[in-house]
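First the proteins, then the strands, lettered A, B, ... as listed; each starts at 1.
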Number of protein chains: 2
Amino acid sequence: MEIDDRLHASGRRMTVQRRLVLEALQRARHHVTADDIATRVRARHPQIDPSTVYRNLEALEELGYVTHTHFDDRVTRWHRADAQRHGHLVCRSCGAEQEVPIGLLEPLARRLRDEHGFQADLAHSAIVGVCKACANVSSE
Amino acid sequence: MEIDDRLHASGRRMTVQRRLVLEALQRARHHVTADDIATRVRARHPQIDPSTVYRNLEALEELGYVTHTHFDDRVTRWHRADAQRHGHLVCRSCGAEQEVPIGLLEPLARRLRDEHGFQADLAHSAIVGVCKACANVSSE
DNA sequence: ACCACTATTGCGGCTCTTTGCGATAAGCAT
DNA sequence: ATGCTTATCGCAAAGAGCCGCAATAGTGGT
């Protein structure tokens, strides 16, 4: 189903602003912040308010078209929902980011579901820790 | 080792402000926001600036005396580092919070360590998902 | 007790994000 | 095309957190 139809089906409207946010997200490969998007959109259309970008990301997320992930610097990053789902590892020492297959996180998700009835979304927040490189340095 | 000594050993000083932040954290049982602390401290000592509280929490964290955890709302919560470590489950639908024993998260941490050399701190960010109650409601 | 050194503070200001509100403009019916 | 309803927008302001800077005050040495 087309984006426009999905918007309409949920009682929303397609606006110029909405389309621009969407396009910016299409072009962005991965993990961009709302501020990034706002900056890109405003580069060509300065009259568009940042808050509009934030609100549109939210709307598009409710529609299931985009998703956000929390990284450690408490910055939210957005990407298209059709991208391959994956977990994120972030090093608290050097900031390096690494992606891991979602399957790796599955066992924990299953256990939380079985033992607590909790349907965890383990890709929603990055996993913070110390990466291999930094661990080696600090143990020398 | 006493807090004062640890401070000195790291080239820091013990100040009135530092002590007040520390005391506020002692009294607070769990998971308070920096703003909570600031408000409590400022109730009796209005001249203490909020930014000082933020800086002190950071300093005390580097010392290993306090820790912070990210919940799903973008507010960071702090607690004493000597408290029992545990994971957090947060429902994205109703906001309910639940604690789970850290042991539950261990298998994943071990796997990340073994397969990626990554020392994960799985208690650092809350795990977001849908709690049992909300899952039941939405499936009815 | 006094000094010098510098960690820390309070203040002002700035960034990123969210929210309230009146104005604007999609999308539907006529 | 025209009007109506109301989703959405732009703007202003607030909230959370951070940072630079000049003034203040712990600390260790004399």
Side-chain angles (χ1 to χ4, degrees), chain A residues 2-22 24 31-63 65-66 68-78 95, chain B residues 2-22 24 31-63 65-78 92 95:
Chain A
E2 280 304 313
I3 269 281
D4 285 50
D5 300 325
R6 279 200 266 176
L7 277 170
H8 291 151
S10 68
R12 287 171 219 273
R13 300 168 183 173
M14 177 50 88
T15 63
V16 185
Q17 294 81 343
R18 200 100 90 193
R19 195 182 312 282
L20 287 168
V21 169
L22 214 36
H31 304 324
V32 283
T33 66
D35 194 51
D36 286 339
I37 304 264
T39 303
R40 292 180 201 199
V41 170
R42 283 161 60 79
R44 292 188 171 284
H45 306 267
Q47 75 283 9
I48 293 181
D49 196 80
S51 69
T52 297
V53 173
Y54 283 91
R55 280 190 280 228
N56 275 323
L57 285 171
E58 219 174 293
L60 293 171
E61 175 165 54
E62 274 169 34
L63 227 87
Y65 202 75
V66 308
H68 72 265
T69 301
H70 297 290
F71 282 72
D72 190 38
D73 45 12
R74 86 191 91 16
V75 174
T76 302
R77 310 235 205 119
W78 302 77
Chain B
E2 281 304 312
I3 269 282
D4 287 49
D5 300 325
R6 277 200 268 176
L7 277 170
H8 290 150
S10 68
R12 287 173 221 272
R13 299 168 183 175
M14 176 50 87
T15 64
V16 186
Q17 294 81 342
R18 200 100 91 191
R19 195 182 310 282
L20 286 168
V21 169
L22 214 35
H31 305 324
V32 283
T33 66
D35 194 53
D36 286 338
I37 305 263
T39 304
R40 292 181 201 198
V41 168
R42 283 162 61 79
R44 291 188 173 283
H45 306 268
Q47 76 284 7
I48 293 179
D49 197 80
S51 69
T52 296
V53 173
Y54 282 94
R55 282 189 280 224
N56 275 324
L57 285 171
E58 218 174 295
L60 292 171
E61 176 165 54
E62 274 171 35
L63 227 88
Y65 202 75
V66 309
T67 314
H68 71 267
T69 300
H70 297 291
F71 281 72
D72 193 36
D73 49 24
R74 66 220 131 306
V75 177
T76 302
R77 310 234 210 121
W78 301 77
R92 64 155 46 109

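- A sub-4.0 Å separation between OP1 or OP2 of D/dA25 and a side-chain N or O of B/Gln17 is absent.
- We find that CG of B/Asp35 is positioned 15 Å from C1' of C/dT18, with the value rounded to whole Å.
- When the C1' atom of C/dA7 is taken as reference, atom CD of B/Glu62 falls 13 Å away, rounded to whole Å.
- Annotation: side chain of A/His68 is not in contact with side chain of A/Leu57 (no heavy-atom distance under 4.5 Å).
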From CA spacing to verdict: side-chain contact (heavy atoms from CB on, under 4.5 Å), B/Met14, B/Ile3: CA-CA 9 Å; B/Met14 176 50 87; B/Ile3 269 282; 3.5 Å; yes
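- When every heavy atom of A/Ser10 is checked against every heavy atom of A/Leu63, the shortest pair comes out as OG-CD1, 3.4 Å.
- Two residues are said to be in side-chain contact when any heavy atoms from C-beta on lie closer than 4.5 Å; A/Arg55 and A/Gln17 fail this criterion.
- Residues from residues 37-61 of chain A placing a heavy atom under 4.0 Å of any atom in DNA chain C, listed by number, are A/Ser51, A/Tyr54, A/Arg55.
- For the residue pair A/Leu7 and A/Arg13, the shortest heavy atom distance occurs at CD1-O, 4.1 Å.
- For the residue pair B/Val53 and B/Ala34, the shortest heavy atom distance occurs at CG1-O, 3.9 Å.
- Straight-line distance from the CG atom of B/Leu20 to the C1' atom of C/dG10: 15 Å, rounded to whole Å.
- Residue B/His68 contributes atom NE2, which lies 14 Å from atom C1' of D/dA16 at whole-angstrom precision.
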Heavy-atom protein contacts under 4.0 Å, nucleotides 25-30 of chain C, coded B base, S sugar-phosphate only, - none: BBS---
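- In this structure, the side chains of B/Leu60 and B/Trp78 stay at 4.5 Å or more apart for every pair of heavy atoms.
- Straight-line distance from the CZ atom of A/Arg77 to the P atom of C/dC16: 14 Å, rounded to whole Å.
- For the pair B/Asp73 CG and C/dT19 C1', the computed distance is 16 Å after rounding to whole Å.
- Residues A/Arg77 and A/His31 come closest through the heavy atom pair CD-O, 3.4 Å.
- Atom CG of B/Leu7 is separated from atom P of D/dG28 by 12 Å (rounded to the nearest Å).
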Would you list the atom pairs, donor with acceptor, under 3.5 Å between side chains in residues 38-45 of chain B and any protein atom, with sequence neighbours excluded?
| unit_1 | atom_1 | unit_2 | atom_2 | d |
| --- | --- | --- | --- | --- |
| B/Thr39 | OG1 | B/Asp35 | O | 2.8 |
| B/Arg42 | NH1 | B/Pro46 | O | 3.3 |
| B/Arg42 | NH1 | B/Ile48 | O | 2.7 |

